[in-house]
Amino acid sequence: MAASIVLPFLVLLLASSSLSDNIDFTYNGFKSAATNLSLDGYAHITSNGVLQLTNDSYKVTGHAFFSSPIQMLLNTPSVTPAAISFSTIFVFDIITVGNGGGHGFAFAMAPTKTLNGSCCQYLGLLNKSSNGNSSNHVFAIEFDTVQGSDMFKDIDDNHVGVDINSLVSNISKPASYYTNNSKMVDFELESGQPILAWIDYDGVAKILNVTVSPLSVDKPSRPLISYAIDLSPILKEYMYVGFSSSTGKLSSSHCIMGWSFRTNSVARSLDLSHLPLPPQPAKASSASKAFGIKIGVISSIATLLLVALAFSVSWYLWQRAKLAETLEDWELDYPHRFPYKDLYKATKGFKETELLGSGGFGFVYKGILPRTGEEVAIKKISSNSRQGMREFIAEVACLGRMRHRNLVQLQGWCKRNEDLLLVYDFMPNGSLDTFLFESEKCGMLSWDQRFKILKGVAMGLAYLHEEWEQVVVHRDIKSSNVLLDAEMNGRLGDFGLARLYERGKNPATTLLVGTLGYIAPELSRTGKPMPSSDVFAYGMLLLEVACGRRPIEPNTQTEQLLLMDWVRECEMRGQALDVVDPKLGESYVREEVELVLKLGLVCSQSTPEVRPTMRQVIQYLNGDDILVDDVGALVFSEADSFDLASRKSYPSSINMVSSSSLSGGW
Ligand SMILES: *[C@@H]1O[C@H](CO)[C@@H](O)[C@H](O)[C@H]1NC(C)=O
Ligand SMILES: *[C@@H]1O[C@H](CO)[C@@H](O)[C@H](O)[C@H]1NC(C)=O
Ligand SMILES: *[C@@H]1O[C@H](CO)[C@@H](O)[C@H](O)[C@H]1NC(C)=O
Ligand SMILES: *[C@@H]1O[C@H](CO)[C@@H](O)[C@H](O)[C@H]1NC(C)=O
Ligand SMILES: *[C@@H]1O[C@H](CO)[C@@H](O)[C@H](O)[C@H]1NC(C)=O
Ligand SMILES: *[C@@H]1O[C@H](CO)[C@@H](O)[C@H](O)[C@H]1NC(C)=O
Ligand SMILES: *[C@@H]1O[C@H](CO)[C@@H](O)[C@H](O)[C@H]1NC(C)=O
Ligand SMILES: *[C@@H]1O[C@H](CO)[C@@H](O)[C@H](O)[C@H]1NC(C)=O
């Protein structure tokens, strides 16, 4: 009885070294390894001994496994199977021609060496239907150079991750290593330089360590990933061990130059000085040179013809290259994408004559879509990091689903290198500010139209704040962001764009987005945009529309410098109507103007908590609710809480993205 209990423990103690077939191999280059490796797909061994998993063809996969299965579990009767320790070292090189390669490769253990995995994000390991299924028994360390679609939850496009039965990593870290004083140094997996990787699993402590570093650096003493995991339920008794890789629309050549693997002990070091050199990226052909020689030989007429031909061909090629799409894989995952070619044609090649204006976020062009003949406005936003771009497009795709008669409809987007193009409904009447301030259009806007526009903007803003599936803070409400459709309805533009500036920024330095004069005072303290800060800006807009004046007018007497203060003073003196836009003359509805002025002051109070919500604002504007009449009291308490001194320091103390007021619309 006793013996039968003790025996399994003894077995377990002895197990790790004596009861498994220990494996130990080292390949400094793979010239001699052809018979020991099973290759499939695009994997092959080059003439100088590099194991190339894929070349840079699109959407291909390649596998290379050690031919014989390796015992990875101690499977003794009556004892739970335990994964045994292993250690591996390899040198790899990811070579990309042009910019942005993919999709990476993985060191893998699988129950079969004939994996039927998909390309691209699946790295040739799994496919859409098998991904995440625990019956896969696939364990991998991924070296991923593409940030896949949302379902893969990739942290970036340059990371190392631990994958268990799924390409959604259980843990991943940006490619980097720790120096001896624990400083983290980032590097590019795709740099074209050889990189060393160490993977060590301790079957007793059940710790998996992954370390990577450029070849030029000594082995970092601290691993990049140290992950507590019991591989016993994941591995099968015998596993195939090797590499798997795939390319997608982005492609690289994935090469392994040396590999050593050992169970139950530390893998033997590679002889770095004897590793084969990775293949050189293909050079451009010398066709054009040969072409030039021919020209010299042929008669002068032919030469002229050839030159003309060459010119038109190269012009055609240049034109085609200019319009060619370089899609990243994920781009297809988001709806409302426009082909760049269409937008290029629509704007006659982003010609200056088609320029409508330059809003705070970039240039806006008028365009006519070639397929439908529809008029659109195309906003071109430049120089954003590739990193933030993807998240932003996810959001843009989301904004595209918003529908409201007081929002400028976002029809779609297109990404072109570092540029983001947004396609909006065209607003034939341009922006509100031109009607308020530009001499040609001044005085063309009646009070009724102004009141209708203000109500419309309130409804659009209430939709963003309260009616959509998530709260969207506009962050840049102002007259130049209010656009007018053919029926002179006010529609909000640029919603959701402020987020663009938050991406990839150091969270410690808050970037204040907005326009001077419309920025709620609490924003400079908290930096946290809230619906109430939009209400503040809306209050300024109310005053602006009633008074026909910008919130800050530097060229006036001091007491009129800030519109809000001036209105407040007149309100306190009981002479509110003094501030009304002189261009309106006497043709306005007195009660409505008074309401708008009071509401403007109520909305732009410096304490965010006491500002009304946009829903309440609509009720006041519709006369469904009566605005409390003691605005005067309210106005008094305001005056000292927001003194001139603090205002004066605004421009210098705030790191601000201010939207241009030169916009002339959009
Ligand atoms: C590799 O294959 C050769 C020939 O099949 C064999 O003799 C050798 O033992 C194998 N090497 C390893 C490490 O298994
Ligand atoms: C990649 O390899 C395939 C098969 O070996 C070959 O046909 C193709 O030309 C190669 N492509 C490149 C870009 O080297
Ligand atoms: C996915 O992989 C599994 C397991 O290798 C295979 O049985 C299945 O046929 C594959 N499905 C597709 C669609 O390729
Ligand atoms: C992989 O699976 C697909 C779908 O099941 C099948 O059509 C294909 O033949 C398989 N390929 C291999 C190499 O087994
Ligand atoms: C996991 O794979 C097994 C075997 O291929 C299959 O029977 C099972 O339905 C799959 N489970 C899920 C959740 O897809
Ligand atoms: C790894 O992650 C997958 C999904 O994220 C989860 O189902 C699985 O349990 C995790 N495995 C371990 C061992 O933590
Ligand atoms: C870190 O320290 C270890 C021993 O303490 C040393 O062998 C190694 O070379 C050092 N690595 C670097 C990058 O300095
Ligand atoms: C894994 O890393 C940890 C932390 O550096 C270390 O204590 C442990 O010994 C390592 N284990 C193996 C198997 O390398």
Side-chain angles (χ1 to χ4, degrees), residues 16 39-47 50-64 83-89 94-98 101-102 110-112 115-117 119 124-138 141 151 160 162 164-168 171 173 177-182 184 196-213 219-231 233-234 236 245-255 261-267 269 278-285:
S16 62
L39 309 178
D40 71 18
Y42 272 54
H44 68 285
I45 292 168
T46 65
S47 55
V50 171
L51 168 57
Q52 188 171 12
L53 297 168
T54 70
N55 63 13
D56 57 357
S57 302
Y58 290 159
K59 295 207 171 190
V60 299
T61 59
H63 299 119
I84 61 175
S85 303
F86 68 87
S87 164
T88 187
I89 303 175
I94 302 178
I95 301 151
T96 302
V97 180
T112 160
L115 281 180
N116 192 348
C119 74
L125 284 170
L126 298 171
N127 60 38
K128 201 169 178 178
S129 51
S130 62
N131 195 34
N133 192 329
S134 61
S135 71
N136 291 329
H137 295 283
V138 166
I141 306 296
M151 63 174 281
V160 180
V162 178
I164 290 159
N165 293 322
S166 166
L167 270 297
V168 180
I171 180 175
K173 294 275 175 69
Y177 64 90
Y178 288 99
T179 62
N180 274 355
N181 48 18
S182 279
M184 217 170 178
L196 258 164
W198 296 263
I199 299 166
D200 298 285
Y201 179 68
D202 182 334
V204 177
K206 305 194 192 322
I207 299 277
L208 173 74
N209 287 349
V210 181
T211 313
V212 283
S213 78
K219 181 181 180 180
S221 43
R222 178 173 164 194
L224 173 64
I225 292 175
S226 193
Y227 185 50
I229 179 150
D230 183 2
L231 291 179
I234 294 137
K236 288 201 155 182
S245 174
S246 75
T247 64
K249 281 199 196 65
L250 301 168
S251 65
S252 305
S253 155
H254 297 95
C255 299
F261 182 91
R262 195 170 179 186
T263 53
N264 285 316
S265 187
V266 177
S269 305
Q280 291 300 306
K283 290 212 176 66
S285 78

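In listed order, ligands and their atoms are each counted from 1. Keep in mind the model is a prediction, meaning the values are calculated, not measured. FYI, side chains are in, hydrogens and waters are out, and symmetry mates aren't considered; it's all heavy atoms of this structure.
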### Message
If the cut-off is 4.0 Å to any non-hydrogen atom of S135, which atoms of ligand 5 fall inside it?
### Response
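Those of ligand 5 that fall under 4.0 Å from S135 are 1 (C), 2 (O), 3 (C), 4 (C).
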### Query
Side chains of I225 and V162: closer than 4.5 Å at any heavy-atom pair?
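They are in side-chain contact.
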### Under-4.0 Å heavy-atom contact between protein and atom 5 (O) of ligand 8
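True for atom 5 (O) of ligand 8.
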### Query
Would a 4.0 Å cut-off, counted as strictly less than, catch a protein heavy atom around atom 9 (O) of ligand 5?
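Not a single protein heavy atom is under 4.0 Å away.
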### Message
Can you give me the closest heavy-atom contact between Y42 and V60, atom names plus distance?
### Response
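That closest heavy-atom pairing would be CZ-CG1, 3.4 Å.
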Any donor-acceptor N/O pair, [X] side chain to [Y] backbone, under 3.5 Å:
X: N165; Y: H137; value: yes
X: S166; Y: V168; value: yes
X: H63; Y: S245; value: no
X: N136; Y: S130; value: yes
X: S251; Y: Y58; value: no
X: S87; Y: A267; value: yes
X: S213; Y: K219; value: no

Number the atoms of ligand 2 from 1 as they appear, then name those within less than 4.0 Å of a heavy atom of [X], with their elements.
X: D56; answer: 13 (C)
X: S57; answer: 1 (C), 10 (C), 11 (N)
X: Y42; answer: 1 (C), 2 (O), 3 (C), 4 (C)

### Message
So for ligand 8, is R222 a polar contact partner (N or O within less than 3.5 Å, distance only)?
### Response
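No: no nitrogen or oxygen of R222 is under 3.5 Å from one in ligand 8.
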Would you mind checking which non-hydrogen protein atom is closest to [atom], with the distance to 0.1 Å?
atom: atom 14 (O) of ligand 8; answer: N209 ND2, 2.9 Å
atom: atom 1 (C) of ligand 2; answer: N55 ND2, 1.3 Å
atom: atom 12 (C) of ligand 5; answer: N133 ND2, 3.4 Å

By number and element, which atoms of ligand 8 are closer than 4.0 Å to a non-hydrogen atom of [X]?
X: S226; answer: 1 (C), 2 (O), 3 (C)
X: D202; answer: 13 (C)
X: D200; answer: 13 (C), 14 (O)
X: P223; answer: 2 (O), 5 (O)

